[in-house]
Q: 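Next up is a structure, given as structure tokens.
These values consider heavy atoms only, across backbone and side chains, with no hydrogens, waters or symmetry-generated copies.
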Amino acid sequence: MDFNVKKLASGAGLFFTRAVQFTEEKLGQAEKTELDTHLENLMVRADSTKHWTEKIFRQTEILLQPNPIDHTGARIEEFLYEKLDRRAPSRITNGELLGQYMQDAAKEFGDGTPYGSTLMKVGQCEKSLGASEREFFQTTAISYLTPLRNFLEGDWRTITKERRLLENLRLDLDACKTRLKKAKAAEAKASLWSEEVEKAEHELRVAQTEFDRQSEVVRLLLEGISSTHVNHLRCLHEFVEAQAAYYRRCQLHMQDLQKELGRLPNAFALNSTHCVTTAGSPSDTVSSPVETDTLKIEEVQAPATGTRKAKVLYDYDAADSSELSLLADELITVYTVPGMDSDWLIGERGNQKGKVPVTYLELLS
């Protein structure tokens with residue numbers, strides 16, 4: 001192995017010199033060239049941009065992947081694909097997996113039963129929600145996370161490298177100023193040092209030129225932070241639009257699910273009716289239009305007290321003549337009758353009357 005001792009010794013000497021120089025600056029025993037105010041302000045703004053961009057980037061990643069390690073090893077797999085610079089395969093979301101489990105359970109329980117048919121509908125909705133979630137994650141990763149990552153891993157590394165070089169040149173410049181002062185002090189004692197002064201002045205001019213050139217490079221890079229803010233602002237708008245579209249789709253999926261569940265037979269109503277008919281003797285059982293499977297709406301009368309106004313949240317199509325179709329945002333009068341299932345109310349709109357699902361209503365005072 002080629003081991004350059006002179007280079008190693010030179011590097012160690014430079015490191016020691018820098019350490020001494022930093023210490024003397026902190027103690028106020030050495031001259032320190034100050035940057036101009038504009039450049040200092042640009043550096044403060046750049047540091048703030050890096051700090052908050054990094055925090056926002058990490059928290060957005062947590063939002064999209066709340067569990068950094070899971071039992072499937074998915075995060076480890078994604079890490080390996082990232083290191084190999086390859087695209088990870090599309091993975092099923094937790095919502096889609098839950099929906100698949102529900103549908104598999106429905107098939108085993110029997111999708112003709114109330115529980116099985118409901119599991120099938122809810123499972124399909126969960127799979128749709130999971131698919132929407134995956135689309136939102138992919139859109140956010142491309143349009144929002146990627147630009148932030150490019151800034152942190154690209155632009156900021158370049159800025160850091162050039163700032164480090166500027167700091168080294170500043171130290172060189174200050175060292176040249178110190179050597180010139182010492183040479184002039186020695187020259188005052190003996191004329192033999194005039195050549196040393198000329199050499200120190202030449203080194204100072206060279207160091208000052210390099211420092212000024214590097215200051216301009218750093219200034220241009222830091223002024224580019226304004227363009228970074230504009231780019232991140234555009235990406236932020238895209239992120240908001242993607243999130244809003246995702247929540248809209250979720251709301252539509254849930255509204256459709258509520259409508260589907262409103263049309264399915266209610267096992268609780270059937271069980272409660274069965275319990276009423278078997279609790280006493282046949283002679284003690286009194287037939288009621290509310291307790292039978294088919295509600296006779298024309299025989300139901302509104303109570304003297306207990307009626308309320310309700311606002312309809314979603315459109316609802318009546319499944320049979322005992323139900324009342326609804327239009328979103330309209331106001332209707334609702335009330336309940338003894339023995340009626342708690343998921344339903346009697347709704348009245350003018351001369352029309354019928355059962356309405358509670359989940360489609362907002363009860364008003």
Q: Roughly how far, to the nearest 0.5 Å, is CD of Q258 from OG1 of T359?
A: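 The OG1 atom of T359 sits 5.0 Å away from the CD atom of Q258.
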Q: Report yes if the side chains of E260 and Q124 come closer than 4.5 Å at any heavy-atom pair, otherwise no.
A: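 A side-chain contact under 4.5 Å is absent here.
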Q: Only counting residues at least two apart or in another chain, list the ones meeting salt bridge (charged side-chain N to carboxylate O under 4.0 Å, His left out) with D104.
A: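 Not a single residue meets the salt bridge (charged side-chain N to carboxylate O under 4.0 Å, His left out) criterion with D104.
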Q: Who passes side chain to side chain contact (heavy atoms under 4.5 Å, CB included) against S321, sequence neighbours left out?
A: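 Listed in chain order: nothing, the list is empty.
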Q: With sequence neighbours left out, write down each residue that passes side chain to side chain contact (heavy atoms under 4.5 Å, CB included) with R205, or none if nothing qualifies.
A: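 For R205, the residues satisfying side chain to side chain contact (heavy atoms under 4.5 Å, CB included) (neighbours in sequence not counted) are E201, H202.
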Q: Would you compute the distance between atom OG1 of T209 and atom CG of L169 and round it to the nearest 0.5 angstrom?
A: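 Here the rounded value is 11.0 Å.
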Q: Looking at every heavy atom in both L363 and A310, which two are closest together, and how far apart are they?
A: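 So the two residues come closest at CD2-CB, 3.8 Å.
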Q: In Å, rounded to the nearest 0.5 Å, how long is the span from NZ of K199 to CG of L204?
A: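 Going from the NZ atom of K199 to the CG atom of L204 covers 14.0 Å.
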Q: Salt bridge (charged side-chain N to carboxylate O under 4.0 Å, His left out): which pairs involve residues 218-229, sequence neighbours left out?
A: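 Applying salt bridge (charged side-chain N to carboxylate O under 4.0 Å, His left out) to every pair that reaches into residues 218-229, excluding sequence neighbours, yields E216-R219, R219-E223.
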Q: If every non-hydrogen atom of A242 is compared with every non-hydrogen atom of T139, which pair is closest and at what distance?
A: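 It is CB-CG2, 3.9 Å.
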Q: About how many Å separate CD1 of I346 and OG1 of T307, when rounded to the nearest 0.5 Å?
A: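 It comes to 13.0 Å.
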Q: How would you list, by chain and number, every residue that makes a side chain to side chain contact (heavy atoms under 4.5 Å, CB included) with R179, sequence neighbours excluded?
A: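 R179 satisfies side chain to side chain contact (heavy atoms under 4.5 Å, CB included) with A175, C176, E203 once adjacent residues are dropped.
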Q: Taking the side chain as every heavy atom from C-beta outward, state whether Q243 and V240 have any pair of such atoms under 4.5 Å apart.
A: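 No, their side chains stay 4.5 Å or more apart.
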Q: If you define the side chain from C-beta out and look only at heavy atoms, does anything of L64 sit under 4.5 Å from L145?
A: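 Yes. Closest side-chain heavy atoms under 4.5 Å.
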Q: Say whether, by atom type as modelled, one donor and one acceptor occur between the side chain of E362 and the main chain of L313 under 3.5 angstrom.
A: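 No, E362 side chain to L313 backbone: no donor-acceptor pair under 3.5 Å.
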Q: For residues V197 and A183, report the shortest heavy-atom separation together with the two atoms involved.
A: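 So the minimum-distance heavy-atom pair works out to CG2-O, 3.5 Å.
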Q: Can you tell me if S132 uses its side chain to pair, donor with acceptor, with the backbone of S128 under 3.5 Å?
A: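 Pair found, side chain donor or acceptor close to backbone of S128.
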Q: Run through R308, E348, K309 and flag the one making a side-chain hydrogen bond (donor to acceptor under 3.5 Å, both in side chains) with T333.
A: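 Answer after filtering R308, E348, K309: K309.
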Q: Are the side chains of P357 and W344 in touch, meaning some heavy atoms are under 4.5 Å apart?
A: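 They are in contact (side-chain heavy atoms under 4.5 Å apart), so the answer is yes.
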Q: Going by an N to O cut-off under 4.0 Å, is there a salt bridge joining K50 and E54?
A: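 A salt bridge links K50 with E54.
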Q: Work out which heavy atom in A46 is nearest to a heavy atom in L222; give both atom names and the distance.
A: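 Closest pair (atom of A46, atom of L222, distance): CB-CD2, 3.6 Å.
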Q: How would you list, by chain and number, every residue that makes a side chain to side chain contact (heavy atoms under 4.5 Å, CB included) with D212, sequence neighbours excluded?
A: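 By the side chain to side chain contact (heavy atoms under 4.5 Å, CB included) rule, D212 matches Q208.
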Q: With distance as the sole test, does S143 use its side chain to make a donor-acceptor pair with the main-chain N or O of C235 at under 3.5 Å?
A: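 No, S143 side chain to C235 backbone: no donor-acceptor pair under 3.5 Å.
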Q: So, the side chain of R149 versus the backbone of A141: is there a donor-acceptor pair under 3.5 Å, distance only?
A: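 No: the side chain of R149 does not pair with the backbone of A141.
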Q: Decide whether L252 and V312 are clustered together by the hydrophobic rule: side chain heavy atoms of Ile, Leu, Val, Met, Phe, Trp, Tyr closer than 4.5 Å, transitively.
A: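 Shared cluster, no.
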Q: What's the spacing between W156 CH2 and T228 OG1 if we round to 0.5 Å?
A: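 W156 CH2 to T228 OG1: 10.0 Å, rounded to 0.5 Å.
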Q: Spell out, yes or no, whether L261 and M254 are grouped together once hydrophobic residues are joined by side-chain heavy atoms under 4.5 Å, including indirect joins.
A: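 Both belong to a single hydrophobic cluster.
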Q: Just verifying a value: how many Å separate I225 CD1 and R45 CZ, rounded to the nearest 0.5 Å?
A: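 Output value for this atom pair is 7.5 Å.
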Q: Apply side-chain contact (heavy atoms from CB on, under 4.5 Å) to the pair S215 and L166, showing each step before the final yes or no.
A: CA-CA 7 Å; S215 296; L166 177 63; 3.4 Å; yes
Q: Would you please name every residue forming a ring-ring contact (aromatic ring centres under 6.0 Å, His included) with F57, sequence neighbours left out?
A: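 For F57 there are no ring-ring contact (aromatic ring centres under 6.0 Å, His included) partners, ignoring immediate neighbours.
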Q: Do L361 and L326 come close enough that some side-chain heavy atom pair is under 4.5 Å?
A: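 Counting from C-beta outward, L361 and L326 do come under 4.5 Å.
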Q: Which residues pass the ring-ring contact (aromatic ring centres under 6.0 Å, His included) test with Y101, sequence neighbours left out?
A: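 For Y101, no residue satisfies ring-ring contact (aromatic ring centres under 6.0 Å, His included) once neighbours in sequence are set aside.
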Q: Write down the atom of V334, the atom of G347, and the distance for their closest heavy-atom approach.
A: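 Heavy atoms only, the tightest pair is CG1-CA, 4.1 Å.
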Q: Name all residues meeting the ring-ring contact (aromatic ring centres under 6.0 Å, His included) criterion together with Y335; count only those two or more places apart in sequence or in a different chain, and write none if there are none.
A: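 Residues passing ring-ring contact (aromatic ring centres under 6.0 Å, His included) with Y335: none at all.
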Q: Once salt bridge (charged side-chain N to carboxylate O under 4.0 Å, His left out) is applied, do any residues pair with K127, and if so which ones, sequence neighbours excluded?
A: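 For K127, no residue satisfies salt bridge (charged side-chain N to carboxylate O under 4.0 Å, His left out) once neighbours in sequence are set aside.
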Q: Provide the closest heavy-atom pair for K259 versus Y314 in the form atom of the first, atom of the second, distance.
A: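 Here K259 and Y314 meet closest at CE-CB, 4.4 Å.
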Q: Which pairs, with at least one residue in residues 206-238 and sequence neighbours excluded, count as a ring pair (Phe, Tyr, Trp, His ring centres under 6.0 Å)?
A: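 Non-adjacent pairs meeting ring pair (Phe, Tyr, Trp, His ring centres under 6.0 Å): F151-H232.
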Q: Give the cluster check for V217 versus V206: same hydrophobic cluster or not, with ILVMFWY residues linked at side-chain heavy-atom distances below 4.5 Å.
A: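 No: no chain of side-chain contacts under 4.5 Å links V217 to V206.
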Q: Mind checking whether V218 and L39 have side chains closer than 4.5 Å, heavy atoms only?
A: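 Yes, side chains in contact.
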Q: Apply side-chain contact (heavy atoms from CB on, under 4.5 Å) to residues K161 and R157 and explain how you reach the verdict.
A: CA-CA 6 Å; K161 177 183 176 182; R157 288 184 179 178; over 6 Å; no
Q: In terms of hydrophobic clusters joined by side-chain contacts under 4.5 Å, are I142 and L236 together?
A: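 Unlinked, I142 and L236 end up in two clusters.
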Q: Are a donor atom and an acceptor atom from the side chains of K177 and T33 found within less than 3.5 Å of each other?
A: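 Side chains of K177 and T33: pair found under 3.5 Å.
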Q: Are R163 and E167 packed together at the side-chain level, in the sense that at least one heavy-atom pair is separated by less than 4.5 angstrom?
A: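 No, every pair of side-chain atoms sits at 4.5 Å or beyond.
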Q: Could you label the plane-to-plane angle of the Y316 and Y360 rings as parallel, tilted or perpendicular, counting under 30° as parallel and over 60° as perpendicular?
A: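 Y316 and Y360: perpendicular rings.
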Q: Would you sort out whether E210 and Q214 count as a side-chain contact (heavy atoms from CB on, under 4.5 Å), showing the intermediate values?
A: CA-CA 6 Å; E210 292 179 350; Q214 186 62 25; over 6 Å; no
Q: Return yes if some donor-acceptor pair links the side-chain N/O of N231 with the main-chain N/O of S227 below 3.5 Å, else return no.
A: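 Side chain of N231 to backbone of S227, a donor-acceptor pair under 3.5 Å: no, none is there.
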Q: Would you say the side chain of K355 lies within less than 4.5 Å of the side chain of L345, judging by non-hydrogen atoms?
A: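 They are not in contact (no side-chain heavy atoms under 4.5 Å apart), so the answer is no.
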Q: The test is side-chain contact (heavy atoms from CB on, under 4.5 Å); show your working for H253 and L257 and say whether it passes.
A: CA-CA 6 Å; H253 289 319; L257 176 62; over 6 Å; no
Q: Indicate if F239 and L152 have the same hydrophobic cluster label, given that clusters are the connected sets of ILVMFWY residues with side-chain heavy-atom separations under 4.5 angstrom.
A: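 Yes; L152 is reachable from F239 via cluster members.
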Q: Scan residues 315-328 for pairs that pass salt bridge (charged side-chain N to carboxylate O under 4.0 Å, His left out), counting only residues two or more places apart or in two chains.
A: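 Matches after skipping sequence neighbours: R263-D317.
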